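Data block below; observations after.
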Amino acid sequence: MITNEKETAYIQTPLGIAEITGDENGISVISIADDGKISEIIPTALQEAVTQLQEYFEEKRTHFNFKINPKGTEFQQKVWQALLEIPFGKTCSYMDLSKKLGDVKAIRAVASANGKNPLWIVVPCHRVIGTDGSLTGYAGGLWRKKWLLEHENPTNQQSLF
């Protein structure tokens, strides 16, 4: 029997406790907090998302293919879809995203929709930066955004010795 009742799991990540919420129709919310209780049992509907997130943090995964079901306006959905097209290890600016969506004047609306992204990491809003290359606004904190970008595109430093 399918109930479509939302279920939630909490997992430890290098950036804090991720909260994953969804049902048989897909994952609707993934968010991050500094602390919280880790789930002992992962509901069946969330297991694939949990596995793929763990693989991402273990550097074994560069894209996600579990079913997602974020809730938002038509415009937000359009922006989130555009975010999904930013390749792993790459970034784009809010201006680039606005141009891609066909309205350079919509930059503030694009930034607002980006900030309302309910699927942390999976819909990669962390890959959007300022036109000047700066790390601008991130709901999870700029230190997490920096960590994620470095995780996806580590710079290999040359050894001096």
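Note that the structure is a prediction, hence the values are computed from the model and not measured. These values consider heavy atoms only, across backbone and side chains, with no hydrogens, waters or symmetry-generated copies.
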Given the rule that I, L, V, M, F, W and Y join up when any side-chain heavy atoms are under 4.5 Å apart, are I32 and L53 in one cluster?
-> yes
Decide if atom CD of E40 counts as having more than 12 heavy atoms of other residues, nucleotides or ligands within a radius under 6.0 Å.
-> no
Assess whether side chain to side chain donor-acceptor pair (under 3.5 Å) is satisfied between Q52 and E48, documenting all intermediate values.
-> CA-CA 6 Å; Q52 290 188 29; E48 188 59 31; 2.8 Å; yes
Charged N to carboxylate O under 4.0 angstrom, R144 versus D34?
-> yes
Salt bridge or not for K78 and E74, using N-O below 4.0 Å?
-> no
Euclidean distance, K67 NZ relative to I27 CD1, rounded to 0.5 Å = 10.5 Å
Is any side-chain N of the basic residue among K100 and E85 closer than 4.0 Å to the acidic one's carboxylate O?
-> yes
Exam field: side chain N117 to backbone V123, donor-acceptor pair closer than 3.5 Å = yes
Side-chain heavy atoms of I11 within contact of I42, under 4.5 Å = yes
With the side chain counted from C-beta on, respond yes when L149 and K145 share a heavy-atom pair under 4.5 Å apart, and no when they do not.
-> yes
What residues, two or more places apart in sequence or in another chain, satisfy ring-ring contact (aromatic ring centres under 6.0 Å, His included) together with W147?
-> F57, H151
Enter the distance from D103:CG to L97:CG here, rounded to the nearest 0.5 Å.
-> 12.0 Å
Note: K60-E55 ion pair, threshold 4.0 Å (strictly below) | no
Going by the side chain to side chain contact (heavy atoms under 4.5 Å, CB included) test, name the single residue among T136, I86, D96 that passes it with V128.
-> I86
Do S28 and K6 have side-chain heavy atoms sitting under 4.5 Å apart?
-> yes
Could you walk me through whether R127 and E152 pass salt bridge (charged side-chain N to carboxylate O under 4.0 Å, His left out), step by step?
-> CA-CA 10 Å; R127 296 181 189 152; E152 293 183 3; 2.7 Å; yes
Residues N114, K116; criterion side chain to side chain donor-acceptor pair (under 3.5 Å); working and verdict = CA-CA 5 Å; N114 192 57; K116 290 182 171 72; over 6 Å; no
How does the hydrophobic cluster around Y10 look, that is, which other residues are in it when side-chain heavy atoms under 4.5 Å mark a link?
-> I17, I38
Looking at A45 and D23, what are the two nearest heavy atoms and their distance?
-> CB-C, 3.8 Å
Taking the side chain as every heavy atom from C-beta outward, state whether Y138 and L148 have any pair of such atoms under 4.5 Å apart.
-> yes
Atom pair CD (Q76) and CG (L83), whose distance is rounded to the nearest 0.5 Å = 11.5 Å
